[in-house]
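Below is one structure, written out as C-alpha cells; the observations come after it.
What you see is a predicted model, and the numbers here were worked out from it, not measured in a lab.
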Amino acid sequence: MPQTSARGIVILTGAGTSRESGLHTFRDPDGIWSRVRLEDVATPEAFERDPARVHGFYNARRRALLSDDIGPNPAHRALARLEAEWPGEVLLVTQNIDNLHERAGSKNLVHMHGEILSARCLRCGVAGPWSADMNLETPCPACGQAGGRLGALRVDVVWFGEMPMAMDRILTALEACELFVSIGTSGSVYPAAGFVQDVRERGRAHTVELNLEPSEGHSLFAERHYGPASRVVPEFVDRLLRDGLGGTS
C-alpha cells in the first residue's frame with residue numbers, strides 16, 4: 001500500500017448495515033416506525049408518559065438482538081478488517097444501538113446514539129452493561145436504588161430530542177480525516193446526516209456513500225455505490241486496502 005495512503009478514515013454506519021443480520025431498520029416501508037410511533041417509545045416525553053411501554057419496546061428489541069440467529073454479517077467483518085489492516089486511524093461512528101460491530105471485531109468505535117445493551121441510572125447517573133429485561137422495579141446495580149414512578153433505570157440510548165454522544169470526538173475526527181464513508185443510512189437524521197457537508201466544506205476529504213439505494217443526501221457524495229451492504233462494503237474495503245486512497249475514486 002502506498003505510504004501516502006496512511007491517512008485518517010471516518011466511517012458512519014446506519015441501520016442498513018445491520019439489516020442483513022436480521023435486525024429491522026427504522027424508516028423503510030416495513031421498518032420499525034411503520035409499526036409503532038417513535039413519539040410513543042423513543043422520546044423523553046414518551047418515557048415520562050408511559051415508562052412501562054418504553055421498557056417493553058426496548059426489552060423486545062434487546063431479546064431479538066441476543067437471539068441465536070442474529071450475528072455480524074460480511075459488512076461488519078469487512079469494517080473490522082479495515083480497522084485492523086489500515087496503516088492510519090479508522091474511526092467507526094455508528095448510529096446503531098446494537099453490538100454487531102463489536103462482535104465482528106471493531107474496537108475504535110463510537111455509538112453516537114447509545115447502546116441497547118447498556119442501562120443508565122436515573123438516580124446516580126452511572127451507566128453499564130445490561131443484557132436482561134428492565135422494568136420499573138429493577139434496581140440500579142451501582143447505587144441499589146429502585147422503584148418510583150419512572151423506576152431507577154432507563155436504556156442507555158439517545159432518544160429523539162436528546163444530544164448524541166461523543167460529538168466532540170466525532171467532529172474532531174471529521175475535521176482531520178482524508179476519507180469519509182457513509183454506509184447504510186437514510187441521510188435523514190441529524191446531526192449525522194450533516195457530516196458529509198461538514199467534510200465537503202473543508203474540501204480535503206474524499207466522500208463515499210455505500211447504500212442499498214441513494215440516501216436523501218446522495219448528491220453530496222463524490223463517489224457512490226449501491227447494493228446490499230454485505231456485498232458493496234467488502235468490495236470497497238478490498239479495493240481500499242489494495243489500492244489506498246488513490247483507488248477510491
Side-chain angles (χ1 to χ4, degrees), residues 9-43 46 61 73 75-76 78-79 91-98 100-101 109-114 116 157-167 169-171 173-175 177-237 240 248-249:
I9 299 173
V10 175
I11 298 170
L12 172 70
T13 65
T17 313
S18 296
R19 179 176 186 171
E20 292 171 70
S21 292
L23 295 179
H24 292 294
T25 59
F26 289 91
R27 297 178 181 277
D28 285 344
D30 62 344
I32 291 171
W33 299 145
S34 71
R35 299 188 298 276
V36 59
R37 293 186 343 129
L38 67 87
E39 295 88 352
D40 292 334
V41 294
T43 67
R61 294 196 62 207
N73 64 54
H76 297 104
L79 295 175
L91 177 64
L92 181 55
V93 179
T94 185
Q95 298 170 278
N96 298 334
I97 60 175
D98 61 60
L100 296 180
H101 283 303
L109 174 65
V110 172
H111 280 274
M112 66 177 296
H113 290 166
I116 196 169
V157 302
V158 175
W159 287 325
F160 288 90
E162 296 181 328
M163 180 64 67
M165 299 179 180
M167 285 302 298
R169 181 182 177 190
I170 294 169
L171 294 175
L174 289 171
E175 190 172 314
C177 74
E178 297 293 331
L179 174 64
F180 172 69
V181 187
S182 177
I183 303 172
T185 179
S186 65
S188 60
V189 178
Y190 286 82
F195 289 170
V196 62
Q197 186 62 48
D198 293 341
V199 171
R200 277 171 54 95
E201 288 175 355
R202 291 188 5 263
R204 292 176 47 228
H206 185 59
T207 56
V208 180
E209 175 169 87
L210 306 177
N211 216 350
L212 185 63
E213 57 190 19
S215 70
E216 290 188 16
H218 70 278
S219 62
L220 297 173
F221 291 89
E223 182 180 350
R224 302 178 289 274
H225 302 280
Y226 300 112
S230 59
R231 174 175 62 81
V232 297
V233 176
E235 288 176 353
F236 180 79
V237 168
L240 183 58
T248 60
S249 57

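For Arg202 and Glu175, the salt-bridge test fails: no basic side-chain N is under 4.0 Å from an acidic carboxylate O.
Note: Arg224 CZ to Thr207 OG1 = 8.5 Å, rounded to the nearest 0.5 Å. Note that the CG atom of Leu91 and the CD1 atom of Ile170 stand 7.0 Å from one another [nearest 0.5 Å]. Here Ser182 contributes atom OG and His218 contributes atom NE2; the two are 13.0 Å apart, rounded to the nearest 0.5 Å. Here Gln197 contributes atom CD and Phe180 contributes atom CZ; the two are 11.5 Å apart, rounded to the nearest 0.5 Å. Between the OG1 atom in Thr94 and the CG atom in Leu92 there is a gap of 6.0 Å [rounded to 0.5 Å]. Separation of atoms CG (Asn211) and CZ (Phe221) is listed at 8.5 Å; rounding is to 0.5 Å.
Across all their heavy atoms, Arg169 and Leu109 have their closest contact at NH1-O, 4.2 Å. When all heavy atoms are compared, the tightest approach of Pro191 to Pro164 is CD-CG, 3.6 Å. Residues Val110 and Met165 approach most closely at CG1-O, 4.4 Å, considering heavy atoms. Scanning both residues, Val41 and Ala46, for their nearest heavy atoms gives N-CB, 3.7 Å. Across all their heavy atoms, Ala229 and Pro234 have their closest contact at O-CD, 3.4 Å. When every heavy atom of Thr43 is checked against every heavy atom of Leu38, the shortest pair comes out as CG2-O, 3.9 Å.
In this structure, Glu178 and His206 have side chains that are not in contact, with every pair of non-hydrogen atoms separated by 4.5 Å or more. The side-chain heavy atoms of Leu179 and Val10, taken from C-beta on, include no pair separated by under 4.5 Å. Under the 4.5 Å side-chain criterion, counting only non-hydrogen atoms from C-beta, His113 is not in contact with Val157. A 4.5 Å side-chain heavy-atom check between Val208 and Ile183 finds every atom pair outside the cut-off. For the pair Leu212 and Arg19, the minimum side-chain heavy-atom distance is below 4.5 Å.
Within the 3.5 Å criterion, the main-chain N or O of Asp198 finds no donor-acceptor partner in the side chain of Glu201. Of the possible polar contacts, none joining the Asn96 side chain to the Asp98 backbone as a donor-acceptor pair under 3.5 Å is found. Under the 3.5 Å distance criterion, the side-chain polar atoms of Arg200 are matched with a main-chain donor or acceptor of Leu220.
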Practice item. Could you walk me through whether His101 and Thr13 pass the side-chain contact (heavy atoms from CB on, under 4.5 Å) test, one step at a time? Key: CA-CA 10 Å; His101 283 303; Thr13 65; 3.0 Å; yes

Exercise for review: Output, in order, the C-alpha distance, side-chain angles, deciding distance and verdict of side-chain contact (heavy atoms from CB on, under 4.5 Å) for Leu79 and Ile11.
Suggested key: CA-CA 9 Å; Leu79 295 175; Ile11 298 170; 3.7 Å; yes

Exercise for review: Could you walk me through whether His111 and Ile97 pass the side-chain contact (heavy atoms from CB on, under 4.5 Å) test, one step at a time?
Suggested key: CA-CA 7 Å; His111 280 274; Ile97 60 175; 5.6 Å; no

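Judged by distance alone, the side chains of Glu209 and Ser215 do bring a donor and an acceptor atom under 3.5 Å apart. A donor-acceptor contact under 3.5 angstrom links the side chains of Asn73 and Ser21, judged on distance only. A donor atom on one side chain and an acceptor atom on the other are found under 3.5 Å apart for Thr185 and Gln95. If you check the side chains of His76 and Thr17, you find no donor sitting under 3.5 Å from an acceptor.
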